[in-house]
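Before any comments, here is the structure.
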Amino acid sequence: MTILEVQDLKTYYSTLMGDVKAVDDVRLRMDKGEALGLVGESGCGKTTLALAIMRLLPWNGRIAGGKIMLNDIDIVGLDDKTFDKEYRWKKMSYVFQGAMNALNPVFKVGAQIAEAITIHEDVENPEAMERARELFRLVGIDPERTTSFPHELSGGMKQRAMIAMALACNPDFIIADEPTTALDVIVQAQTLEVMRELQKKLGLTTMIITHDLSVVAQTCSTCAIMYAGNLVEYADINTIFSEPAHPYTKALIGAFPSIKEDRRELVSIAGVPPNLLHPPTGCRFNPRCPNRMDICSKEKPDYLELEDGHNAACHLLTKEG
Amino acid sequence: MNGEIELKVENLKKWFPVRRGIVSTLLSRKTDYVRAVDDISFEVRKGEIFGLAGESGCGKTTAGKTVLRLLEPTSGKIYFEGRDITALNKLEMKELRRRMQIVYQDPYQSLNPRMTVFDIIAEPIQVHKMSDSLAETEDIVHKALEEVELIPGEDFVYRFPHELSGGQRQRVAVARTLVLQPSFIVADEPISMLDVSIRAGILKVMLKTRLAQDVTYIFITHDLAYARHICHRGAIMYSGKIVEMTSMDHLVKHPLHPYTIALMKAVPVPDPEYEKARAVIGGEVPTPINPPPGCRFHPRCSKASDICRKEEPELTEVGNEHFVACHHAL
Ligand SMILES: Nc1ncnc2c1ncn2[C@@H]1O[C@H](COP(=O)(O)OP(=O)(O)O)[C@@H](O)[C@H]1O
Ligand SMILES: Nc1ncnc2c1ncn2[C@@H]1O[C@H](COP(=O)(O)OP(=O)(O)O)[C@@H](O)[C@H]1O
Ligand SMILES: [Mg+2]
Ligand SMILES: [Mg+2]
């Protein structure tokens, strides 16, 4: 069952120098229970896509085209009031990048979660506090810690508390933006275990945004690769790693070291991602692509379905012969 | 690499006094210390890349800076090419500074924002009087830019750091280091703030001089996958101590210390076919103020027994150049 469908979404930021085309014609579908990893270099538009879906774009950001269907309703057209009341927190919520540092230092963490619950649902405080304790248990923190202040929690616990908060009103769908980027390896493993548990226990649909392919390999069932505002490939996680179709996907995998493989020379991707004020014409990856052809700087490649559930946008895939 | 010892560190300690509130100062006169580096010993061979790895707060940066005497050691000895540099005065140290360099983690903070790329790279050349004329300085700067693959150099010399990408900035930082022709470089997480896609390129320009000029590196990282691909030998630190040290390949394949084993299991593998990373230990790295008696890792260790709570294990050779500090590793 489709829970989220993003159709040809354009999200631009207006600046003095013109529009930053942070998300441009993105097409994406997520099924219920899917765990999607959204991967790409910094600045490619991952957070912008999440903010557009959550309707949390900053003042200079706007949806310049396309639709975002949540359970078959286009949420782009909804008025703010309905969206606030019925969607954000309840149907979907967002653990934003760096969230663990955003807890209010003067309030106990349990009270902050309870507050989120009482704002969005018609429940009394004691019940909300009990829910907060349950949520702590769910993310693997001792419920007694709900009476702690943020500074009394370690970084890993704060991150889990933020995940607990996102779950406060039982959403079906959550987006976690770089949930483990600032964490050390053992704490990262603890957090990833919690994410996997939640997916299993609650049947939660999750989008995990990260620049780290290994995090995706560990927690996701599908993977979308984003480059310079475009989705360039989407497939189930095994296909992405074993049969990547797009040269960018291949290059990313080649750049990523694994502790399980013998010492080898790591290969970086030449050049830098483009400025999204003036992205290259044709395929946006063409200036850095090892397989570039004439057509690549002229025509934008279609985002094709190669097989059921495997999409990619690259001229190599349609080349004659 | 010819097995010659370039750097030898003996019983190095760096303790930072903890600032305390007025009340506790009145109540007791004892000062607490953060034992950021607490009695570590190791050797680095000429031309080698030696890894210092561990989670944040374990003392890697403090160890790296103290080894260069950018921080004064609390106690211990540091021998560079056989000479005890802890005994050198400022003037003698200045001469050595050129040859012992550091590349920092954050290219956004390590470059002066008001200087052009040219001035940033020319400054150390002038400080160390490595050029006789402006023309010679210009020549060295251009060669350095070429070396770090900022090409053509003319496009970069007049730019300011904010006009560069993170990767380009780190290349400038590397160029600034390499113009001094150092023989020893501490690289403190030089790629951890950069995108994965460009990290290998920075590593390449940083490390290619190693072979040509026999440069020795301490490569500090929290990322064991990178450590495996870059370092020859390495040490794992926990709470100011070295807990295990051997060749990087051996360390990854046959870890003995329970902490190293836990670290290895926690490293996620970028391949969905692999077993998932697991946290086999709970908790997080403690700040090393008043560390527990005995082994520092014992509160989190499943193997901990009485002796671990009482006696601090020494770093002991348990096999061919494989050192472990654990009462139960044998
Ligand atoms: N408020 C803003 N105004 C203008 N440009 C922005 C704004 N926020 C982000 N951008 C730009 O949009 C692009 C995408 O950013 P972002 O979605 O944050 O990428 P990611 O999360 O993948 O790192 C970048 O080029 C970024 O500089
Ligand atoms: N200047 C300082 N004063 C007090 N404590 C410090 C100072 N520098 C580092 N520390 C502490 O020493 C410990 C080791 O820090 P650091 O060497 O930066 O670790 P790493 O580089 O492994 O993350 C940490 O607990 C840190 O808070
Ligand atoms: Mg982001
Ligand atoms: Mg450090």
Side-chain angles (χ1 to χ4, degrees), chain A residues 39-44 140 154-157 180 182-194 196 211-221 223 236-242 248 251-273 288, chain B residues 53-58 149 164-168 191 193-205 207 222-232 248-249 251-253 259 262-286 300:
Chain A
V39 181
E41 286 167 274
S42 57
C44 72
S154 66
M157 280 196 236
T180 63
L183 304 176
D184 262 306
V185 55
I186 292 179
V187 181
Q188 166 167 289
Q190 292 164 357
T191 312
L192 297 180
E193 271 178 39
V194 167
R196 288 197 296 260
H211 62 273
D212 188 335
L213 274 174
S214 63
V215 165
V216 174
Q218 299 275 311
T219 44
C220 297
S221 53
C223 181
D236 70 81
I237 192 75
N238 291 312
T239 306
I240 284 286
F241 281 90
S242 60
Y248 180 63
L252 265 189
I253 294 171
F256 218 91
S258 163
I259 195 161
K260 292 294 179 197
E261 59 181 5
D262 282 333
R263 198 185 158 95
R264 68 164 162 105
E265 194 179 339
L266 301 167
V267 220
S268 62
I269 306 177
V272 289
R288 299 172 80 189
Chain B
E55 296 181 282
S56 56
C58 70
E149 294 170 15
L164 304 174
S165 70
Q168 289 168 338
I191 50 168
M193 308 212 25
L194 306 174
D195 253 304
V196 175
S197 56
I198 59 163
R199 286 180 183 174
I202 309 285
L203 288 172
K204 195 180 103 200
V205 297
L207 299 176
H222 67 274
D223 189 326
L224 290 157
Y226 276 100
R228 168 149 203 202
H229 289 275
I230 292 157
C231 304
H232 302 106
M248 212 55 226
D249 202 52
L251 189 69
V252 169
K253 287 182 181 147
Y259 178 63
L263 270 183
M264 298 297 167
K265 291 213 164 116
V267 177
V269 179
D271 182 343
E273 312 253 304
Y274 260 98
E275 190 188 350
K276 304 273 180 275
R278 282 180 305 137
V280 293
I281 55 173
E284 292 180 34
V285 183
R300 299 172 74 191

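Naming: A, B, ... by sequence-line order, numbering from 1 per chain. Just so it is clear, the values below take in all heavy atoms, side chains as well, and ignore hydrogens, waters and symmetry mates.
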Begin from the C-alpha positions of B/Val196 and A/His211 and carry the test side-chain contact (heavy atoms from CB on, under 4.5 Å) through to its verdict. CA-CA 8 Å; B/Val196 175; A/His211 62 273; 4.2 Å; yes
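- In this structure, A/Val185 and B/Glu55 have side chains that are in contact, with non-hydrogen atoms separated by less than 4.5 Å.
- Using a 4.5 Å cut-off on side-chain heavy atoms (C-beta onward), B/Glu284 and A/Asp184 make no contact.
- Side-chain contact between B/Tyr274 and A/Ile259 is absent, with no heavy atoms from C-beta onward closer than 4.5 Å.
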How far apart are the C-alpha atoms of A/Asp262 and B/Lys253, what are their side-chain angles, what is the distance that settles it, and do they pass the side-chain contact (heavy atoms from CB on, under 4.5 Å) test? CA-CA 10 Å; A/Asp262 282 333; B/Lys253 287 182 181 147; 3.6 Å; yes
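- Across all non-hydrogen atoms, the minimal contact from B/Pro268 to A/Gln188 is CG-NE2, 3.2 Å.
- Both the backbone and the side chain of B/Ile281 come within less than 4.5 Å of a heavy atom in chain A.
- Crowding of A/Lys260 atom NZ: a count of heavy atoms from other residues, nucleotides or ligands under 6.0 Å not exceeding 12.
- To the nearest 0.5 Å, the span separating CD1 on B/Ile202 from CG on A/Leu266 amounts to 13.0 Å.
- For chain B, the nearby parts of A/Phe256 are the backbone and the side chain; heavy atoms of each come within less than 4.5 Å.
- Taking 4.5 Å as the limit, some side-chain heavy atom of A/Ile186 sits within range of a side-chain heavy atom of B/Arg300.
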Begin with the C-alpha distance, continue with both residues' side-chain angles, and end with the deciding distance and a verdict on side-chain contact (heavy atoms from CB on, under 4.5 Å) for A/Ile269 and B/Ile198. CA-CA 6 Å; A/Ile269 306 177; B/Ile198 59 163; 5.9 Å; no
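- At least one side-chain heavy atom of B/Glu273 sits less than 4.5 Å from a side-chain heavy atom of A/Asn238.
- Atom OG of residue A/Ser268 and atom CG of residue B/Leu194 lie 11.0 Å apart, to the nearest 0.5 angstrom.
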Could you walk me through whether A/Arg263 and B/Asp249 pass the side-chain contact (heavy atoms from CB on, under 4.5 Å) test, one step at a time? CA-CA 8 Å; A/Arg263 198 185 158 95; B/Asp249 202 52; 5.7 Å; no
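- Only the side chain of B/Ser165 comes within less than 4.5 Å of a heavy atom of chain A; its backbone N, CA, C and O stay farther away.
- Chain A forms the most heavy-atom pairs under 4.5 Å with one residue out of B/Gly57, B/Ala225, B/Ser197, and that residue is B/Ser197.
- For A/Val267, the part lying under 4.5 angstrom from a heavy atom of chain B is the backbone only.
- You'll find the side chain of A/Glu261 reaches within 4.5 Å of the side chain of B/His229, heavy atoms only.
- When heavy atoms are compared at a cutoff of 4.5 Å, B/Gln168 does not approach chain A at all.
- Chain A forms more heavy-atom pairs under 4.5 Å with one residue of B/Leu203, B/Val280, B/Leu263 than with any other, namely B/Leu263.
- Only the side chain of B/Val252 comes within contact range of chain A, judged by heavy atoms closer than 4.5 Å.
- The heavy-atom pair separating A/Pro257 from B/Pro270 by the smallest distance is O-CG, 3.7 Å.
- Proximity of a side-chain donor or acceptor of A/Glu193 to a complementary backbone N or O of B/Ala279 within less than 3.5 Å is detected.
- A distance-only check finds no donor-acceptor pair linking the side chain of A/Ser214 to the backbone of B/Val269 [under 3.5 Å].
- The closest donor-acceptor contact from the side chain of A/Gln218 to the backbone of B/Pro272 lies at 3.5 Å or more, if one exists at all.
- Only the side chain of B/Met264 comes within less than 4.5 Å of a heavy atom in chain A; its backbone stays farther off.
- In this structure a side-chain-to-backbone donor-acceptor pair under 3.5 Å is missing from B/Asp195 to A/Glu41.
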